[in-house]
2 protein chains.
Amino acid sequence: MQVADTRAAILETSAQLYADLGYSAVSMRDVATKVGVTPANLYHHFKGKDELIREAVGHFFAEKTAPIADLLESQGKDVDRLNLFVEYFVRLLTEDRVFFRLLVRELVDGDEKRLDDLARSVLERPFHLISTLAGPGRSEDERLLSTVSIIGTMLGHALLAPLLPHLPGGRPDHSDASVITGHISAALRRAFHSSAKEK
Amino acid sequence: MQVADTRAAILETSAQLYADLGYSAVSMRDVATKVGVTPANLYHHFKGKDELIREAVGHFFAEKTAPIADLLESQGKDVDRLNLFVEYFVRLLTEDRVFFRLLVRELVDGDEKRLDDLARSVLERPFHLISTLAGPGRSEDERLLSTVSIIGTMLGHALLAPLLPHLPGGRPDHSDASVITGHISAALRRAFHSSAKEK
DNA sequence: GTCTATATTCCGATAGAC
DNA sequence: GTCTATCGGAATATAGAC
């Protein structure tokens with residue numbers, strides 16, 4: 001059963017633990033215990049903790065972001081692909097706890113090498129699509145700022161979600177994927193509509 | 001000199017270390033060494049590591065967010081106070097490394113008690129101001145979603161900043177406080193302008 | 001490929017002298 | 001209020017049997 005590929009089990013389990021508790025708070029013992037092997041076993045599959053972290057994060061993002069590439073290469077108008085991306089990405093951020101938390105940890109604690117890997121595997125293609133959409137009449141700088149705003153808003157919703165229950169008027173369903181998606185899509189429609197009218 | 005108040009030095013130094021490396025990656029020894037005292041000294045001022053973390057974070061946010069309360073209570077039109085807040089908050093997020101990183105760590109790793117403290121000390125008042133501004137004709141749910149979008153966008157810019165140098169077309173000055181402030185303020189003007197026209 | 005056993009370093013925390 | 005000294009345990013990592 002799980003005898004087949006211990007390595008895969010280690011990668012999956014460690015990614016989940018790292019997401020929940022942070023890299024330095026998770027020991028090799030913790031991972032080994034949860035997988036059901038001894039700590040020495042981990043060192044047969046990986047050189048050490050650093051390599052395990054890199055491999056676990058890389059493997060996880062490669063798996064989760066494959067659909068994004070497919071989605072962005074699909075047929076249809078640019079604006080439809082943007083809506084598809086927003087829908088998929090918001091769902092990933094709000095419903096896949098491990099994805100969101102690993103993403104934030106990499107953004108905050110990743111070194112240059114890991115940030116570079118993250119840029120390539122997760123955000124390079126969405127950035128390119130949105131950048132071409134974000135105001136054809138604008139300068140490159142303005143388009144990039146708008147792109148950061150759009151992706152940043154989705155990240156911000158996910159980041160602020162745990163705080164909402166502690167704010168007056170905040171209710172848990174304000175962090176529901178479809179609610180956030182609808183809100184952001186509407187905002188984007190208005191933005192593109194008004195920018196089209198300005199021309 | 002620093003004999004006067006070791007406790008304050010411990011709080012300042014530990015907050016900076018926690019921001020840079022994360023709570024679990026910073027040992028009591030690390031803090032003591034950087035302050036220039038022995039580890040045992042830390043246990044004279046604080047019960048243990050957990051208490052030191054709580055006190056350091058609480059002290060830091062109390063200090064940094066005092067100007068926000070003043071600013072939000074100032075005279076003038078709501079929209080002017082909003083612009084002042086955006087300016088101050090973006091500057092805090094982009095230029096105060098410790099503030100931004102501690103804020104993200106609390107949002108990601110804080111338990112319910114700490115999230116509650118964070119909500120009260122940092123974000124409750126800005127949320128209230130923006131919520132009253134965000135579309136007077138809209139429902140309470142829509143206003144809250146817009147508020148999360150606005151604050152989330154500022155957070156998102158800061159969160160994505162380290163990634164920009166690794167994306168094609170990204171340049172460091174896209175993370176400059178005044179550039180981001182200008183971009184967000186302009187977006188807010190357009191949003192409020194168009195919502196006014198809709199009425 | 002997985003285990004037992006262990007080396008070495010570092011951790012949080014305390015006792016007690018000054 | 002700060003120190004020296006140290007305890008008990010947990011950390012990463014390795015050696016070598018099976």
S.K.: Can a side chain N or O of A:T6 be found less than 4.0 Å away from OP1 or OP2 on C:dT2?
M.R.: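 For C:dT2, OP1 or OP2 has a side-chain N or O of A:T6 closer than 4.0 Å.
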S.K.: Are the side chain of A:K49 and the backbone N or O of A:V26 linked by a donor-acceptor pair below 3.5 Å?
M.R.: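 Confirmed, A:K49 side chain pairs with A:V26 backbone.
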S.K.: Can any side-chain N or O of B:R143 pair as donor or acceptor with the backbone N or O of B:A134 at less than 3.5 Å?
M.R.: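 A pair under 3.5 Å: no.
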S.K.: So if I define the base as every atom that isn't primed, P, OP1 or OP2, how would nucleotides 4-18 of chain D read as a B/S/- string at a heavy-atom cutoff under 4.0 Å?
M.R.: B------BBBBB---
S.K.: Establish, yes or no, whether the cationic atom of A:R114 lies under 6.0 Å from the six-membered ring centre of A:Y23 and within 45° of the ring axis.
M.R.: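 So A:R114 does make the cation-pi contact.
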S.K.: Measuring to OP1 and OP2 of D:dC3, would you say a side-chain N or O of B:H44 lies under 4.0 angstrom away?
M.R.: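 Negative; the distance criterion is not met.
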S.K.: Taking A:I68's backbone N and O only, do any of them form a donor-acceptor pair with A:T65's side chain (distance below 3.5 Å, no angle check)?
M.R.: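 Not a single qualifying donor-acceptor pair exists.
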S.K.: Within this structure, what is the CG-to-P distance between B:L21 and C:dC11, rounded to whole angstrom?
M.R.: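 The answer, rounded to whole Å, is 12 Å.
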S.K.: Starting at atom CG of B:L42, determine the distance to atom P of C:dG12, rounded to an integer number of angstrom.
M.R.: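 It works out to 10 Å between those atoms.
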S.K.: When you compare the side chain of B:D20 with that of B:V98, does any pair of heavy atoms fall below 4.5 Å?
M.R.: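 When only atoms from C-beta onward are counted, B:D20 and B:V98 do not touch, as no gap falls below 4.5 Å.
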S.K.: Could you tell me how far apart B:N41 (CG) and D:dC3 (P) are, to the nearest whole angstrom?
M.R.: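 Result: 5 Å.
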S.K.: Write down the distance between CG (B:L52) and P (C:dA13), rounded to a whole number of angstrom.
M.R.: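 Rounding to the nearest Å, CG of B:L52 and P of C:dA13 are 10 Å apart.
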S.K.: Heavy-atom distance under 4.5 Å between the side chains of A:L129 and A:R81, does that happen here?
M.R.: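 With C-beta onward as the side chain, the pair touches.
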